[in-house]
Undergrad: 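Before I ask anything, let me first share the structure, which is written out below as structure tokens.
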Amino acid sequence: MLQDAIAIRHYQKITDSLVEMSERGYRSTDEMRLFLDGYLSALRVTNAVEVHNIHRLEEEVIRFLYDSSNFASPYELEMEVERGDR
């Protein structure tokens with residue numbers, strides 16, 4: 001769990017960007033992982049966040065990335081409920 005306010009803000013920015021990428025058609029986790037790696041690399045180079053917070057941030061975002069429910073549209077979820085899939 002993230003405790004640092006700056007790390008939390010970066011988490012929100014990253015996860016919002018990942019959802020936006022998904023909506024634009026970037027469904028591959030490999031493509032999204034490349035984005036995440038670049039973002040985290042930039043944080044390391046600029047020393048914007050302490051190193052141990054970057055590791056925690058990475059763990060949390062990876063957990064978010066591999067949870068498919070974060071990328072399902074509300075319409076898709078509604079259709080599953082109507083069909084009885086959930």
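In this chain, numbering begins with 1 at the start of the sequence shown. Worth knowing before you read on, the calculation uses all heavy atoms, side chains too, and leaves out hydrogens, waters and symmetry mates.
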Undergrad: Roughly how far, to the nearest 0.5 Å, is CZ of Arg56 from CD of Gln3?
TA: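 So the CD of Gln3 and the CZ of Arg56 are separated by 7.5 Å.
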Undergrad: With a 4.5 Å cut-off on side-chain heavy-atom distances among I, L, V, M, F, W and Y, is there a chain of contacts connecting Ile62 to Tyr26?
TA: yes
Undergrad: What pairs meet the ring pair (Phe, Tyr, Trp, His ring centres under 6.0 Å) rule with one or both residues in residues 39-68, with sequence neighbours excluded?
TA: His10-Tyr39, Phe64-Phe71
Undergrad: Kindly compute the distance separating CD1 (Ile14) from CG (Leu36), expressed to the nearest 0.5 Å.
TA: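 Separation between the atoms: 5.5 Å.
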Undergrad: Is it true that Ile6 and Leu57 fall in one hydrophobic cluster, defined by side-chain heavy atoms closer than 4.5 Å?
TA: yes
Undergrad: Just do the side chain to side chain contact (heavy atoms under 4.5 Å, CB included) check on Ser22 and Met32 with the steps written out, would you?
TA: CA-CA 8 Å; Ser22 174; Met32 293 184 194; 3.7 Å; yes
Undergrad: For Asp67, check side chain to side chain donor-acceptor pair (under 3.5 Å) against everything at least two apart and list the hits.
TA: Ser69
Undergrad: Who are the salt bridge (charged side-chain N to carboxylate O under 4.0 Å, His left out) partners of Asp37, not counting sequence neighbours?
TA: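 Applying salt bridge (charged side-chain N to carboxylate O under 4.0 Å, His left out) to Asp37 gives Arg33.
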Undergrad: Of the non-hydrogen atoms in Ala7 and Leu2, which two are nearest, and what is the gap between them?
TA: O-CD1, 4.0 Å
Undergrad: Can you find a pair of side-chain heavy atoms, one from Leu18 and one from Val61, that are under 4.5 Å apart?
TA: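 In short, these two side chains touch, coming nearer than 4.5 Å.
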Undergrad: Applying ring pair (Phe, Tyr, Trp, His ring centres under 6.0 Å), name anything that partners Tyr11, two or more places apart in sequence or on another chain.
TA: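 Result, ring pair (Phe, Tyr, Trp, His ring centres under 6.0 Å) vs Tyr11: none returned.
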Undergrad: Could you give all pairs that pass the salt bridge (Lys or Arg N to Asp or Glu O under 4.0 Å) test and reach residues 12-22, with sequence neighbours left out?
TA: Glu20-Arg24
Undergrad: Nearest 0.5 Å, please: how far is CD in Glu59 from CD1 in Ile54?
TA: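 Rounded to the nearest 0.5 Å, the CD1-CD separation comes to 12.5 Å.
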Undergrad: Could you list all the salt bridge (Lys or Arg N to Asp or Glu O under 4.0 Å) pairs where at least one residue sits in residues 42-51, not counting sequence neighbours?
TA: Arg44-Glu58
